[in-house]
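Read through the structure below, which is laid out as structure tokens, and then see the notes.
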Number of protein chains: 2
Amino acid sequence: MRVVKEANVRKSEILDAAELLFETKGFDGTSTTDILNEAGIARGTLYYHFKSKEDILDAIIERMTGSLVAKATEIAGKKDEPVLRRMTQMMLALHVDNGLGYEIMEQVHKPQNALMHQKMQERLLAGVNPIITALIGEGIAQGICQTDYPTEVAEMTFLYSSTIFDNLAIHSVEERERKITAFIYNLERLLGMERDSLQGAILPIFG
Amino acid sequence: MRVVKEANVRKSEILDAAELLFETKGFDGTSTTDILNEAGIARGTLYYHFKSKEDILDAIIERMTGSLVAKATEIAGKKDEPVLRRMTQMMLALHVDNGLGYEIMEQVHKPQNALMHQKMQERLLAGVNPIITALIGEGIAQGICQTDYPTEVAEMTFLYSSTIFDNLAIHSVEERERKITAFIYNLERLLGMERDSLQGAILPIFG
DNA sequence: CTTTATTATACCGACAGTCTGTCAGTATTA
DNA sequence: TAATACTGACAGACTGTCGGTATAATAAAG
């Protein structure tokens, strides 16, 4: 039996199915046949809409990161809120509950899904970095912080936190706390801020 | 015709063949059959010595990073040389000419080889981090630098530099120079050093 | 100290099972 | 009647397994 749908509808149905499977079985562990069955379509249909399995992955990542970047943009845009507050909210949005769910994050960090992880990280960095950089710029303008290289500070902290904190579940509680404190300590230094000036604002984020 | 060799000899022959192929065709682009042919052995032999293709990758990474870690250890151990000098030599050893050759590094950063990249990074970080941390510790003891979290500084800078600088060929010359200057700037801050105190020592490294 | 059994080690290649991507053709909608 | 969406059989490739075979190492017998 054949059901015809608009291309965009089918496409996102396929993405839904694939995302669900990637969450539970990982990227490499999910076969195109799995996706076919989950989406209830034939082989040809999949390849009518996507040119390869990796193409599906890219689309999913685009979808996932897109909403994160949108959220980050929105937070950064609230010019009435103080900069520091927006910075912490940004971190919150990007790391603690980043809307991707726990399972998928766990999957993303399995070695089998290195490709997925790398692609997400690259895409997220590209999208979010200008926003963070601008925010730091505001901070500098207001005399809250100071650095000659805001972009690189953003890069460095984003990369570090997305490598370390995403894996944080692995570490023990003490380890975890140390990492967080150290992160704040280092961020203060990179942003040329007084010691402990961020401490109070950020610490509550990481429950 | 059948040639019998000692297991270790065969094993490293297989690794040689695989490494060569991974360099030119990438990990995913190299089939086990390719390795078979290159090494001049039968299918069963490969799987007699290694339990999977990924197992081969792990062994290669172990071999490659092993020598890098050894070199880093050696440099760090030269207690008569000043700390700052050893730090720069370390960076040199780990990044500019890291003994892995240009082609393989280029391969490592292709998206197809994300797994390889991630594994190398993890393995290298684990091996090198304690050494760098100790070096920073020496620096602190001698009053050259100061931080409450040497391990995390080491982590952060190593991760950042291995993500950014390895991809540096991509960037333009100006971009490249900016990244390097920024890196030094940030490192100085993380290590609680005076501005430009590292500048003179490190800059010449990145030709 | 040879020669002959015996065991352990290294090796082989056919094969099963799975997977991705293609294509010629068919149904549905515009 | 043309464009769009869909189908499922199929080719080609790839990974890992397995029963069996040759070589080297060791032990037993002459």
Side-chain angles (χ1 to χ4, degrees), chain A residues 1-61 107 110-116 119, chain B residues 1-61 107 110-116 119:
Chain A
M1 186 199 58
R2 175 179 296 213
V3 183
V4 177
K5 297 185 180 179
E6 204 183 325
N8 282 332
V9 176
R10 239 317 111 76
K11 254 184 165 167
S12 65
E13 279 182 12
I14 294 173
L15 292 183
D16 292 341
E19 190 174 328
L20 179 71
L21 290 166
F22 291 171
E23 278 174 22
T24 50
K25 306 175 67 176
F27 177 67
D28 288 8
T30 302
S31 72
T32 51
T33 311
D34 291 337
I35 303 175
L36 263 42
N37 296 337
E38 182 66 32
I41 56 171
R43 191 143 206 85
T45 308
L46 187 89
Y47 284 92
Y48 175 76
H49 292 287
F50 297 94
K51 76 178 215 292
S52 69
K53 189 182 165 188
E54 194 166 326
D55 195 30
I56 297 177
L57 176 64
D58 289 342
I60 288 180
I61 288 172
Q107 274 298 331
K110 285 187 182 167
Q112 298 84 24
N113 296 325
L115 177 62
M116 192 168 165
K119 288 200 164 182
Chain B
M1 186 197 59
R2 176 178 295 211
V3 184
V4 177
K5 298 184 180 179
E6 203 183 324
N8 282 332
V9 176
R10 238 319 113 74
K11 252 183 165 167
S12 65
E13 278 180 12
I14 294 173
L15 291 184
D16 291 341
E19 191 174 327
L20 179 71
L21 290 166
F22 290 172
E23 279 175 20
T24 50
K25 306 174 67 176
F27 176 67
D28 288 7
T30 302
S31 71
T32 51
T33 311
D34 291 338
I35 303 174
L36 262 43
N37 295 338
E38 182 67 32
I41 55 170
R43 192 143 206 86
T45 308
L46 187 90
Y47 283 92
Y48 175 75
H49 291 287
F50 297 95
K51 76 177 216 292
S52 70
K53 190 182 162 187
E54 194 167 326
D55 195 30
I56 297 177
L57 176 64
D58 289 342
I60 288 180
I61 289 172
Q107 272 300 332
K110 286 188 181 167
Q112 297 85 25
N113 297 324
L115 177 61
M116 193 167 164
K119 288 201 165 181

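Not measured: the values here are computed from a predicted model.
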Applying side-chain contact (heavy atoms from CB on, under 4.5 Å), name anything that partners A/K51, two or more places apart in sequence or on another chain. A/D55
Protein-proximity profile, nucleotides 14-23 of chain C, B/S/- by nucleotide at the 4.0 Å heavy-atom cutoff, equals B----SBBBB
Less than 4.5 Å apart, side chain to side chain, heavy atoms only: is that true for A/I56 and A/L15? yes
Atom of A/I60, atom of A/A18 and distance for their closest heavy-atom approach: CD1-CB, 3.7 Å
What's the separation between atom CG in B/L21 and atom OG1 in B/T30, rounded to the nearest 0.5 Å? 5.0 Å
Compile the donor-acceptor pairs under 3.5 Å between side chains in residues 36-48 of chain A and protein atoms, sequence neighbours left out, one pair per line.
residue, atom, partner, partner atom, Å
A/N37, ND2, A/T33, O, 3.4
A/R43, NH2, A/T32, OG1, 2.6

Using modelled atom types and a 3.5 Å cut-off, is there a donor and acceptor pairing between side-chain atoms of B/K25 and backbone atoms of B/S31? no
Mind jotting down which residue pairs meet the salt bridge (Lys or Arg N to Asp or Glu O under 4.0 Å) criterion with at least one end in residues 8-18 of chain B? Sequence neighbours excluded, please. B/K5-B/E13, B/R10-B/E13, B/D16-B/R63
Any chance you could lay out the side chain to side chain contact (heavy atoms under 4.5 Å, CB included) test for A/L57 and A/K53, step after step, and finish with the verdict? CA-CA 7 Å; A/L57 176 64; A/K53 189 182 165 188; over 6 Å; no
Heavy-atom contact window of chain A on DNA chain D, given 5' to 3' at under 4.0 Å: D/dT4 to D/dA9
With the criterion being N/O to N/O and under 3.5 Å, what pairs connect the protein with nucleotides 7-10 of chain C, and how long is each?
residue, atom, partner, partner atom, Å
C/dA10, OP1, B/A7, N, 3.3
C/dA10, OP2, B/Y48, OH, 2.9
C/dA10, O3', B/K5, O, 3.2

